[in-house]
Amino acid sequence: MSSSSGQVGVDPSALEALRIPLTGYCYRLLGTAADTDDAVQETLIRAYTRSDFYDPGRARLSTWVHAIATNVCLDMLRAARRRMLIWDGPSARDFDPGAVLPDRWLDPMPDARLIDTEDPAELAVQRESVRLAFVAALQHLPPRQRAVLVLRDVLAFTAVETADMLGVSTAAANSALQRARGTLAAARTTVSQPDLDPADEDLLRRYTTAFEKHDVAGLAAVLCADAESGMPPFAWRITGRDATVEIFAATDACAGDRMVPVRMNGVTGVGQYRPDAEGVLRPFALVAVHAHDGGVAQVITFLGSGTRFAEFGLPETI
């Protein structure tokens, strides 16, 4: 394919090679799997249909395509409300099954869709920048500041490239970056505890073992004193080890459940299975476990996510 000016169109395989980087970029901005899929697909369609107008003398292909993705995501964020990782209203021991807030939550994502490097240094950067705590903190930024910060501080585009993508001056892009860094630093102290580090695999094992065995003392032993739990999409949060253990001890709703480790958002999470009427363990929910100072600080059960187990490489039954 060629344009009237003689420029050669982009090879579709070169565009497809950018799918994972684009997925990571759009996810950091949008925070949900469905919106990310829509944004990436729309970006690739626009890039393909406009490939005659790509001039390699003016920009790298990655820069050109990320500019398209930026516009797509900013359009999608115009009327969007901030998405939460965990309910940030008052905590409550009593669960209200009617307190559902649709379209207000972040989604977990499998590593395979976000991370595309084996270089140790780059791998560490990519994992850190897709952790749920970081994506949740990004939600506190206005959309354009969010894009500037991810383009500059995560994806390492230059100030000039970033300004061109957003159609602003370099000075304006730099100013937006400074404001974004300040807001992000404040947000990261309040959004959530750090995610579970790969070095804490034993902590995760102890937590899942206590959960599966309904071991109240074992669960209490791994929880931080100020541990909190949430279950999106419900506007509900438990705060404190004592409250968590009390509720856990008072119900057998999770009796027979099993937990399987899975890579999500740069760390190890859990796929929770629940027995059906015949006793077969079926996908129930993806669970994010966050740690702090050697203890479990936050557990987020994404209710309704059982339909996504295959996407995370988890089996239909165990």
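Owing to the predicted nature of the structure, the values given are computational and were not obtained by experimental measurement.
- Not one N or O on the side chain of Trp236 forms a donor-acceptor pair closer than 3.5 Å with the backbone of Ser229.
- Here the side chains of Cys26 and Cys73 are in contact, with some heavy-atom distance below 4.5 Å.
- The minimum heavy-atom distance between Ala69 and Leu22, with the atom names listed, is CB-CD2, 3.9 Å.
- Residues Ala176 and Gln145 approach most closely at O-CG, 3.9 Å, considering heavy atoms.
- Under the 3.5 Å distance criterion, the side-chain polar atoms of Asp252 are left unmatched by any main-chain donor or acceptor of Ala255.
- Thr117 and Asp119 are not linked by any side-chain donor-acceptor pair at a separation below 3.5 angstrom, with hydrogens and angles left out of the test.
- Leu286 and Leu204 are members of different hydrophobic clusters when ILVMFWY side chains are connected at heavy-atom separations under 4.5 Å.
- Of all non-hydrogen atoms in Tyr54 and Leu61, the two that sit nearest each other are OH-N, 2.9 Å.
- Using a distance-only test at 3.5 Å, with no hydrogens or angles considered, a donor-acceptor pair links the side chain of Gln139 to the main chain of Arg83.
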Please walk me through it: do Phe234 and Leu101 pass side-chain contact (heavy atoms from CB on, under 4.5 Å)? CA-CA 6 Å; Phe234 291 95; Leu101 290 178; over 6 Å; no

Step-by-step side-chain contact (heavy atoms from CB on, under 4.5 Å) determination, Trp105 to Phe302: CA-CA 9 Å; Trp105 308 95; Phe302 296 92; over 6 Å; no

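- Residues Met109 and Val130 form no side-chain contact, since every pair of their non-hydrogen atoms from C-beta on lies 4.5 Å or further apart.
- Side-chain contact between Thr36 and Val40: present, with at least one pair of heavy atoms (C-beta onward) separated by less than 4.5 Å.
- Proximity of a side-chain donor or acceptor of Thr49 to a complementary backbone N or O of Arg46 within less than 3.5 Å is detected.
- Residue His292 comes nearest to Ala297 through the heavy atom pair CB-CB, 3.8 Å, listed as atom of the first residue, atom of the second, then distance.
- Of the possible polar contacts, none joining the Glu228 side chain to the Arg237 backbone as a donor-acceptor pair under 3.5 Å is found.
- The shortest distance between side-chain heavy atoms of Arg113 and Glu311 falls below 4.5 Å.
- Summarising the geometry, atom CG belonging to Leu223 is positioned 9.0 Å from atom CG belonging to Leu203; distances are rounded to the nearest 0.5 Å.
- Proximity of a side-chain donor or acceptor of Trp87 to a complementary backbone N or O of Pro90 within less than 3.5 Å is detected.
- Not counting sequence neighbours, the partners of Thr70 by the side chain to side chain donor-acceptor pair (under 3.5 Å) test are Tyr25.
- Residues Asp88 and Arg104 are not paired through a salt bridge, judged by the lack of any N-O separation under 4.0 Å between the basic side chain and the carboxylate.
- Annotation: side chain of Pro232 is in contact with side chain of Ile300 (closest heavy-atom distance under 4.5 Å).
- Hydrophobic clustering (ILVMFWY, side-chain heavy atoms < 4.5 Å, transitive): Val245 and Phe211 are in one cluster.
- Under the 3.5 Å distance criterion, with hydrogens and angles disregarded, a donor-acceptor pair is assigned to the side chains of Ser175 and Arg179.
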Under 3.5 Å, sequence neighbours excluded: what are the donor-acceptor pairs made by side chains of residues 165-174?
| residue | atom | partner | partner atom | Å |
| --- | --- | --- | --- | --- |
| Ser169 | OG | Ala172 | N | 3.0 |
| Asn174 | OD1 | Arg152 | NH1 | 3.1 |
| Asn174 | ND2 | Thr170 | O | 3.4 |

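- Side-chain N or O atoms of Gln126 include one that pairs as donor or acceptor with a backbone N or O of Asp116 at under 3.5 Å.
- If you chain together hydrophobic residues whose side chains sit under 4.5 Å apart, Val289 and Val262 never meet in one group.
- At a threshold of 4.5 Å between side-chain heavy atoms, the hydrophobic network of Ile, Leu, Val, Met, Phe, Trp and Tyr places Val125 and Tyr27 in two separate groups.
- Looking at every heavy atom in both residues, Gly266 comes nearest to Asp111 through N-OD1, 2.6 Å.
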Evaluate the side-chain contact (heavy atoms from CB on, under 4.5 Å) criterion for residues Leu114 and Thr23: first the C-alpha distance (whole Å), next the side-chain angles of each, then the deciding distance (0.1 Å), finally the verdict. CA-CA 6 Å; Leu114 302 172; Thr23 299; 4.1 Å; yes

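- Ile86 and Gly230 make their closest contact through CD1-N, 3.7 Å (heavy atoms, listed as atom of the first residue, atom of the second, distance).
- Thr158 places a side-chain N or O within 3.5 Å of a backbone atom of Glu161 that can act as its donor or acceptor partner.
- In this structure, Arg28 contributes its side chain and Ser129 its backbone to a donor-acceptor pair below 3.5 Å.
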Could you walk me through whether Val270 and Tyr207 pass side-chain contact (heavy atoms from CB on, under 4.5 Å), step by step? CA-CA 11 Å; Val270 176; Tyr207 170 78; 5.8 Å; no

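- Taking the side chain to side chain donor-acceptor pair (under 3.5 Å) definition, one finds that Arg146 meets it with nothing, sequence neighbours left out.
- The closest side-chain heavy-atom distance from Val148 to Arg144 is not below 4.5 Å.
- One hydrophobic cluster, built from ILVMFWY side chains closer than 4.5 Å, cannot hold both Phe134 and Ile20; they sit in different ones.
- Using a distance-only test at 3.5 Å, with no hydrogens or angles considered, no donor-acceptor pair links the side chain of Asp257 to the main chain of Glu212.
- Defined by atom type and a distance below 3.5 Å, a donor-acceptor pair is missing between the side-chain atoms of Thr317 and Arg282.
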